[in-house]
Every structure is written in C-alpha cells, then in structure tokens.
Amino acid sequence: SGNLTPNSFTYRINNSPSKEFSDINRMIRQGCV
Amino acid sequence: AQECQNLEVERQRRLERIKQKQSQLQELILQQIAFKNLVQRNRQAEQQANRPPPPNSIIHLPFIIVNTSKKTVIDCSISNDKFEYLFNFDNMFEIHDDIEVLKRMGMACGLEVGKCSAEDLKVARNLVPKALEPYVIEMAKGPISNVYITGG
Amino acid sequence: REIADKLIDLKAELDDLALREDELDQQRGWGQQSIKNVTDDSNNSPMAYVKHDDLCGAFKDETLLAIRAPIGTQLEVPRPEDPINGQRKCQIRLKSSSGPIDVLLVNKD
C-alpha cells in the first residue's frame, strides 16, 4: 500500500493500485524539477 | 432546512463514491480489453510465423516498467540471491505497470482516451461480458465523468 | 413549501444514487471475475507477453528497465534529495521476500 511518509513511497507489486504509480511519478517529477 | 443540508452532504458523498467506483470499473474494462487483444494478437502472429518468438525477445506479464532518458546514468546494486536491488539514477524516471504499456501499444482500442473508431468499438464490445457492453459504448464517446446510468 | 419540495427531491435522488451504487458494485464484481477468468486461463497465459519492440515503440528513445517480481515485492521510492554539486540522485529499492527479482535493461540500441 502506498504510504506517503515525509520521505518515501512504498508500492507492493500486484497488491497496490496502479494509481500509486502516478503519485510516485509526480513526486519524482517535482523532486527533480 | 437542517435535514435538507444533511441530505445534500450525503448526496455529495454518494456522488463522489460513485465516480470513484465508475473509474475503477472503467479501468477493469480497459484491462480486460487490452489483455484479450494482446493474447489474440500474439496468437495470430505465432500462427502466421508458425513458431513462437525467441524467448529472449519477449517479456511475460505481469511486469512493471521504469523508463528514463537515454542520457540517464543508472547505478545498480544487486544482492547475491537477487532478492534485493538498489537503483540510483542521476536523472528523473517514471514507473508504469504493464496495463499502461498495453494502452500505449493501442491494445485498449483508444477507449482510455475516448477516441475509438466504429471498427474498434465493435472489437472492444466483443471482449467484455454482455452486461458491461453499455459501458464500453459510453467510454467510446469519451471518459465518463458524470453519474452514468446504464440502460439495465 | 420550497424546502419541503427540495426534501422530497433529495430523498428521491438519494434512492436513485443508492441503486446506481449497488449496480456499480455488481458490475465491478463481474469485471474482476471476468479478468481473473481471462488471466488465469491456461490457454491465455503463454500468449500474455510483449516484445521488446513493443516496449521501445511505447516509450520512444528511452532507456527501460522491465521488472518481473513475486507478488508482494516491495518497491520503495525515496523522495529525491537536493542535488549535491549539481549531481542529482533518484532511487528505487526493490525488496522481495518470496523469490528472486528479474530486471531486464531494454534499449533500442
């Protein structure tokens, strides 16, 4: 399950909803801009 | 007036839940259409080629994909038993699941963006249970945003 | 009078929405069952694959890592740190507890 702690995202393969990936991708994009 | 207000709050809450369930149902429908299309495509290709593709040229589902610029330097550490990996990228990356890949390959007939030709719609309708067909017809017109009542 | 009418309308609409929600729950059940039947079908699983060309076509001119891992494998992505000496660092940690993880580098070149 995705848990947005102050510093990381955790995704469980084939368990977490694929929508979590868009949250992770947003976090990476924001972090890298 | 107080009761009206309470019912209005309950109405908003229910609408929100329905929209969420609707998008989950749409995702399930897309997943099913994409998967079935992929299987059909591969089966036809193998029959035409009269042999399966070389094993090292394919990746079986389920998988996830990490994509990054070609310029990115990726540093990778792997445990001996391959149970743990650590990747360091010097540039941003994205992570997608296999269904997203199938959509980008066109396996969902364009339904994910509501751009589906009449021909594709015919194909897509045959890939879902009859009870979900009205949904596919609606999705072909564009993402269903409001509360959609099926004919059933 | 006006509020009384509004109450009646709201109650009727809430009944409709309750019906709609039940119908959606039922349809999602059918959808999930249908997908399970398709993906578990032993005739389909050998055909459930993508070719490297499919991937390169879906993500043009990018470097790709295709990851296949046991169900439940943990994928952790820490928030990117601020660049040090202009050097940026974005990380992915994969941790499996039930089997080895396969990672394939896929790149058009």
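These figures come from a predicted structure and were not determined experimentally. Residue numbers start from 1 in every chain, and the chains themselves are labelled A, B, ... in the order their sequence lines are given, proteins ahead of strands.
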Lys/Arg-Asp/Glu bridge criterion (N-O < 4.0 Å) met for B:K82, C:D102
yes
side-chain contact (heavy atoms from CB on, under 4.5 Å) between C:R20 and B:Q22, intermediate numbers included:
CA-CA 10 Å; C:R20 179 72 199 104; B:Q22 220 152 238; 3.4 Å; yes
Option in B:L86, B:N56, B:V101 with maximal non-hydrogen atom pairs under 4.5 Å from chain C:
B:L86
Side chain proximity check, B:F89 to C:T63, heavy atoms < 4.5 angstrom
no
Using the side-chain contact (heavy atoms from CB on, under 4.5 Å) rule, take B:C4 and C:L10 through it: C-alpha gap first, then chi angles, then the decisive distance, then the call.
CA-CA 8 Å; B:C4 245; C:L10 273 171; 4.1 Å; yes
What part of B:N67 gets closer than 4.5 Å to chain C, counting heavy atoms only: side chain, backbone, both or neither?
both
For the interface with chain C, which of B:K71, B:E3, B:Q40, B:M107 has the highest count of heavy-atom pairs at distances below 4.5 Å?
B:E3
Under 4.5 Å to a heavy atom of chain C? For B:L132 that would be side chain
Counting only heavy atoms closer than 4.5 Å, note whether B:E94 contacts chain C via side chain, backbone, both or neither.
neither
Is the closest basic N to carboxylate O distance between C:E13 and B:R14 below 4.0 Å?
no
If you apply the rule side-chain contact (heavy atoms from CB on, under 4.5 Å), what do you find for B:I59 with C:V106, and how did you get there?
CA-CA 10 Å; B:I59 294 160; C:V106 180; 4.1 Å; yes
Checked B:D98, B:I95, B:V39 vs chain C; the most non-hydrogen pairs under 4.5 Å come from B:V39
Go through the steps for B:L102 and C:V50 under the test side-chain contact (heavy atoms from CB on, under 4.5 Å), then give the verdict.
CA-CA 8 Å; B:L102 298 191; C:V50 297; 3.7 Å; yes
Under the ring-ring contact (aromatic ring centres under 6.0 Å, His included) definition, can you give me all pairs with a residue in residues 27-71 of chain B, not counting sequence neighbours?
B:H60-C:Y49
With respect to chain C, which residue among B:L7, B:T68, B:L25, B:I65 yields the maximal number of heavy-atom pairs within a distance under 4.5 Å?
B:T68
Ranked by heavy-atom pairs below 4.5 Å to chain C, first place among B:H96, B:R104, B:Q31, B:K36 goes to B:R104
Are any non-hydrogen side-chain atoms of C:L24 and B:I18 less than 4.5 angstrom apart?
yes
Which bit of B:I74 comes within less than 4.5 Å of chain C, counting heavy atoms only: side chain, backbone, both or neither?
side chain
